[in-house]
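Working notes, beginning with the structure itself.
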Amino acid sequence: MTAGGGAMTAGGGAVGSGGGAVGPDESVRPGGEVRRVGEGALLVELPGTAEVAALYGWLREQREAGALGEVEELVPAARTVLLDGVADVDAVARLLRTARPATAETARGPLLEVPTVYDGADLAEVAALWGVSAEAAVRIHTEPEYTVAFCGFAPGFGYLTGLPARYDVPRRATPRSSVPAGSVALAGSYTGVYPRSSPGGWQLIGRTALPLWDADREPPALLAPGVRVRFTARRA
């Protein structure tokens, strides 16, 4: 089933709840599919976050150039990009059929520095999983430039990619009932920063005083898809 309730056709295409069909050849990259969701939306399914980032950047450029017509929202996720409020669904679906954005061409967003005190409750455990000292774990985490792949879970919470796959860590077996705002944490291949206090099962490695979410600020969230992030170690 598609997100909008449509069913897959025998040939691999999708029929949205609005009755329109998008054929199996309408892939953005090998392994990707375009599915119609209701009357005015398209959902593109992709192999992973690298392909999502490439397509999202390409779509932003196309929208700014006026090539998409009216599209109200572009919403990336872990393996999908949703185009919502699409005025001409068929035309955009045809454009997506020929799109082949390369990951190397992903648009670079603004750079945000996140000053971080690395004294998290799980830092020693993460260092042990990586087979290094706590000091080395801090160096490993501050070395890459990260990118916000997508947002979710809570307003202002971004899922950041950038750490090599060998540093993936599992979520905690037992989530905490309360994680302090500003906590810098790891789960799977992602780094995240909790914008407000909330329950959570990620591994806590540090904290930042940077206000990532402020409803009175425009925009309220500092982290948005495409934003680049550098974590810098600070003393407590």
Side-chain angles (χ1 to χ4, degrees), residues 1-6 8 12-18 20-112 145-153 155-162 189-192 218-229:
M1 300 291 291
T2 69
M8 293 298 295
V15 179
S17 59
V22 180
D25 61 331
E26 296 188 358
S27 58
V28 176
R29 290 177 61 83
E33 292 186 52
V34 178
R35 300 186 179 192
R36 186 164 181 166
V37 183
E39 295 295 329
L42 292 166
L43 184 71
V44 187
E45 297 183 344
L46 296 154
T49 53
E51 290 81 6
V52 166
L55 179 62
Y56 176 71
W58 182 83
L59 285 170
R60 288 180 60 186
E61 293 174 353
Q62 296 300 309
R63 183 167 69 170
E64 290 171 4
L68 300 181
E70 182 182 345
V71 176
E72 292 179 6
E73 283 193 281
L74 300 172
V75 185
R79 300 186 189 280
T80 61
V81 178
L82 175 69
L83 294 80
D84 196 18
V86 183
D88 192 338
V89 173
D90 291 336
V92 174
R94 286 194 297 270
L95 182 64
L96 287 167
R97 184 171 58 238
T98 61
R100 294 295 186 273
T103 55
E105 298 174 354
T106 302
R108 291 170 59 82
L111 179 63
L112 176 69
E145 180 179 280
Y146 297 81
T147 301
V148 181
F150 57 97
C151 295
F153 169 64
F157 189 95
Y159 290 75
L160 280 60
T161 58
S189 60
Y190 298 111
T191 291
E218 184 57 41
L222 293 182
L223 298 180
V227 170
R228 298 175 294 135
V229 176

- request: Specify the closest pair of heavy atoms between Ala149 and Thr161, including all atoms of both residues, with the distance to one decimal.
  value: CB-CG2, 4.0 Å
- prompt: For the atom pair CD (Glu33) and CG (Leu46), what is the distance rounded to the nearest 0.5 Å?
  reply: 10.0 Å
task: Output the distance between atom CZ (Arg63) and atom CZ (Arg60), rounded to the nearest 0.5 Å.
output: 8.0 Å
- line: Hits for ring-ring contact (aromatic ring centres under 6.0 Å, His included) against Phe150, two or more places apart or cross-chain, chain-then-number order -> Tyr159, Tyr190
- prompt: Quick one: does Leu160's side chain get under 4.5 Å of Leu223's, heavy atoms only?
  reply: yes
- request: Taking the side chain as every heavy atom from C-beta outward, state whether Val92 and Val34 have any atom pair closer than 4.5 Å.
  value: no
- prompt: Given Leu222 and Val227, is the side-chain contact (heavy atoms from CB on, under 4.5 Å) satisfied, shown in steps?
  reply: CA-CA 8 Å; Leu222 293 182; Val227 170; over 6 Å; no
message: Taking Glu61's backbone N and O only, do any of them form a donor-acceptor pair with Glu64's side chain (distance below 3.5 Å, no angle check)?
response: no
query: Out of curiosity, Leu96 CG to Trp58 CH2, how far, rounded to the nearest 0.5 Å?
result: 6.0 Å
message: To check you understand the geometry: which heavy-atom pair defines the closest contact between Gly192 and Phe157, and what is its length?
response: CA-CZ, 4.0 Å
- prompt: For the residue pair Gly156 and Ala221, what are the closest heavy atoms and their distance?
  reply: CA-CB, 4.0 Å
message: Just to verify, what does Glu145 make a side-chain hydrogen bond (donor to acceptor under 3.5 Å, both in side chains) with, not counting sequence neighbours?
response: Arg228
List, one per line, each side-chain donor-acceptor pair under 3.5 Å for residues 75-89, sequence neighbours excluded.
{"residue": "Arg79", "atom": "NH1", "partner": "Pro47", "partner atom": "O", "Å": "2.3"}
{"residue": "Asp88", "atom": "OD1", "partner": "Ala91", "partner atom": "N", "Å": "3.1"}

